Amino acid sequence: MSAAEVGGVFHRARDRTLDAFLAEEEREWKGPFYFIQGADPQFGLMKAWSTGDCDHGGDEWSQEIRLTEQAVQAVNKLNPKPKFFVLCGDLIHAMPGTPWRKEQTEDLQRVLKDLDREIPLVLVSGNHDLGNIPTAETIEEFQHTWGDDYFSFWVGGVLFLVLNSQFWYNASQCPALKHAQDHWLDQQLSIAGQRKCRHAIVFQHIPLFLHSIEEEDDYFNLTKAVRKELADKFIGAGVRAVFSGHYHRNAGGTYQNLDMVVSSAIGCQLGKDTHGLRVVVVTAEKITHRYYSLDELRREGIEEDLMKLMKEE
């Protein structure tokens with residue numbers, strides 16, 4: 001099943017923008033709104049992790065199917081509806097060229113097809129989607145299946161940037177493609193830097209950092225040199241927050257006035273957090289977010305204090 005066959009739920013990013021939103025209509029601030037962030041459904045990891053064979057395991061993913069179904073059900077029940085639902089990478093576990101990739105992709109698309117058609121789905125590429133060392137071929141496969149690997153879109157006066165963080169992890173097999181994203185990003189940040197948007201928010205799979213800009217290099221963050229350069233560039237342009245996944249635990253910190261938000265997984269947990277989603281409320285002055293377990297969000301919805309933020313202006 002291709003993204004086009006799935007139907008309206010996949011507003012595929014093409015030409016570096018998302019067709020779910022009309023840019024000219026969405027460039028003006030219209031008041032507070034919220035969106036839902038999830039990360040790492042990663043069909044196949046729970047079995048692979050349990051057997052200790054994350055490189056070759058992952059031949060079963062019924063738990064991830066059930067959890068992602070719960071996530072979709074929780075999002076569908078929310079009232080008012082979120083502006084969009086973003087998944088911050090590692091959609092499936094099978095790396096490019098490995099067994100079960102096609103089956104995992106088809107099962108995830110089938111589950112996501114049940115998302116309310118009025119809630120656009122925003123998809124971010126992760127290392128398992130592109131490979132730890134991406135190539136032109138793996139990026140082309142992602143684009144064919146899910147849409148562009150990086151793009152921007154506007155919602156209610158806010159500029160959202162979806163980035164391919166694998167380029168900053170290892171672009172040795174596709175340096176020209178990394179250069180293209182870097183050039184495009186500079187153009188996008190110049191728009192934000194001219195304060196032509198109420199806020200600018202970034203989505204990427206790998207976090208800049210987990211707790212501190214000065215922390216040591218790790219599998220789960222970008223290297224010090226890369227993260228500092230990016231963070232300074234974001235701050236200079238007025239970016240308020242970066243939302244990521246990859247860590248399979250909740251984490252995050254602040255660098256100057258940039259909020260680094262790391263959300264745990266819909267799927268396999270590597271820490272003590274619950275399978276969950278993050279609610280993000282955007283008001284004129286700030287960005288407020290809270291992580292909910294899938295059960296909590298599905299049963300009880302968004303807490304009253306967050307709902308009030310959307311009614312204050």
Side-chain angles (χ1 to χ4, degrees), residues 11 18 20-21 25-39 70-88 115-116 118-124 152-162 192 195-204 207-208 234-235 237-245 250-266 273-313:
H11 296 276
L18 193 68
F21 302 103
E25 295 180 9
E26 294 290 346
R27 286 178 186 265
E28 293 185 12
W29 177 253
K30 301 173 184 177
F33 63 88
Y34 81 102
F35 63 86
I36 302 295
Q37 183 219 6
Q70 290 179 10
V72 168
Q73 291 163 10
V75 173
N76 284 348
K77 285 184 66 176
L78 294 173
N79 184 26
K81 298 180 190 298
K83 286 290 188 180
F84 60 87
F85 176 28
V86 57
L87 286 175
C88 280
L115 183 67
D116 186 323
E118 295 183 20
I119 303 173
L121 181 62
V122 179
L123 298 169
V124 182
S152 64
F153 62 99
W154 290 82
V155 176
V158 177
L159 176 61
F160 292 93
L161 304 177
V162 174
R195 302 301 188 266
K196 293 182 179 179
C197 53
R198 176 67 65 165
H199 303 296
I201 295 174
V202 167
F203 299 123
Q204 60 188 58
L208 298 174
F234 290 159
I235 291 166
V239 173
R240 297 292 298 274
V242 177
F243 289 89
S244 297
N250 286 311
T254 301
Y255 172 57
Q256 297 183 26
N257 60 348
L258 179 68
D259 196 11
M260 180 67 246
V261 185
V262 184
S263 291
S264 196
I266 292 172
D273 295 297
T274 58
H275 310 280
L277 296 169
R278 190 173 297 275
V279 174
V280 186
V281 178
V282 182
T283 65
E285 300 302 324
K286 62 183 180 179
I287 298 160
T288 305
H289 54 86
R290 187 170 302 161
Y291 188 83
Y292 288 84
S293 73
L294 297 179
D295 287 339
E296 184 182 16
L297 191 62
R298 187 174 53 167
R299 287 196 319 266
E300 302 173 19
I302 301 172
E303 290 167 291
E304 186 61 30
D305 62 323
L306 291 184
M307 296 297 290
K308 284 183 178 178
L309 290 176
M310 290 183 276
K311 301 174 183 177
E312 289 179 354
E313 297 179 34

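For this chain, numbers begin at 1 and follow the sequence in order. Keep in mind the model is a prediction, meaning the values are calculated, not measured.
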Separation of I302 CD1 from N79 CG (nearest 0.5 Å): 9.5 Å
Mind checking ring pair (Phe, Tyr, Trp, His ring centres under 6.0 Å) for H289 and listing every partner two or more places apart, or none if nothing turns up? F243
Please report the closest heavy-atom contact between V124 and C88, naming both atoms and the distance. CB-CA, 3.7 Å
Judged by atom type as modelled, is there a donor-acceptor pair below 3.5 Å linking the side chain of D273 to the main-chain atoms of S264? no
Smallest separation among heavy atoms of R27 and W154, with atom names: NH1-CZ2, 3.1 Å
Criterion side-chain hydrogen bond (donor to acceptor under 3.5 Å, both in side chains) on E300 and Y292, from CA distance to verdict: CA-CA 10 Å; E300 302 173 19; Y292 288 84; over 6 Å; no
Looking at CD1 of I36 and CG of L277, how far apart are the two atoms once the value is rounded to the nearest 0.5 Å? 6.5 Å
Run the side-chain contact (heavy atoms from CB on, under 4.5 Å) test on V155 and V282 for me, step by step, so that the C-alpha distance in whole Å, both residues' side-chain angles and the decisive distance to 0.1 Å come before the verdict. CA-CA 10 Å; V155 176; V282 182; over 6 Å; no
Mark yes or no for whether K83, through its side chain, and F35, through its backbone, hold a donor-acceptor pair below 3.5 Å. no
Keeping the roles fixed (side chain from H199, backbone from T283), state whether a donor-acceptor pair exists under 3.5 Å. yes
Minimum heavy-atom distance A39-S263, with the two atoms named: CB-O, 4.2 Å
Go through it in stages, so that I can follow the logic: the residues are M310 and Y34, the test is side-chain contact (heavy atoms from CB on, under 4.5 Å), and I'd like the CA-CA distance, side-chain angles, deciding distance and then a yes or no. CA-CA 8 Å; M310 290 183 276; Y34 81 102; 3.3 Å; yes
dist R240:CZ -> E285:CD (nearest 0.5 Å) comes out at 8.0 Å
Interatomic distance, F160 atom CZ to F84 atom CZ [nearest 0.5 angstrom]: 4.0 Å
Is there a donor-acceptor pair closer than 3.5 Å between any side-chain N or O of Q37 and the backbone N or O of S244? yes
Test item: E28 side-chain N/O and G157 main-chain N/O as donor-acceptor pair under 3.5 Å: no
Are the charged groups of D305 and K308 less than 4.0 angstrom apart, N to O? no
Taking the side chain as every heavy atom from C-beta outward, state whether E303 and V279 have any atom pair closer than 4.5 Å. no
Say whether, by atom type as modelled, one donor and one acceptor occur between the side chain of N76 and the main chain of D116 under 3.5 angstrom. yes
Indicate yes or no for a side-chain donor-acceptor contact from Y291 to the backbone of T274 under 3.5 Å, with no hydrogens or angles considered. yes
Please name all residues satisfying ring pair (Phe, Tyr, Trp, His ring centres under 6.0 Å) with F85, sequence neighbours left out, ordered by chain then number. none
As an exercise, state the distance from CD1 of I119 to CG of L78, rounded to the nearest 0.5 Å. 7.0 Å
Hits for ring pair (Phe, Tyr, Trp, His ring centres under 6.0 Å) against F234, two or more places apart or cross-chain, chain-then-number order -> none
About how many Å separate OG1 of T288 and CG of D259, when rounded to the nearest 0.5 Å? 9.5 Å
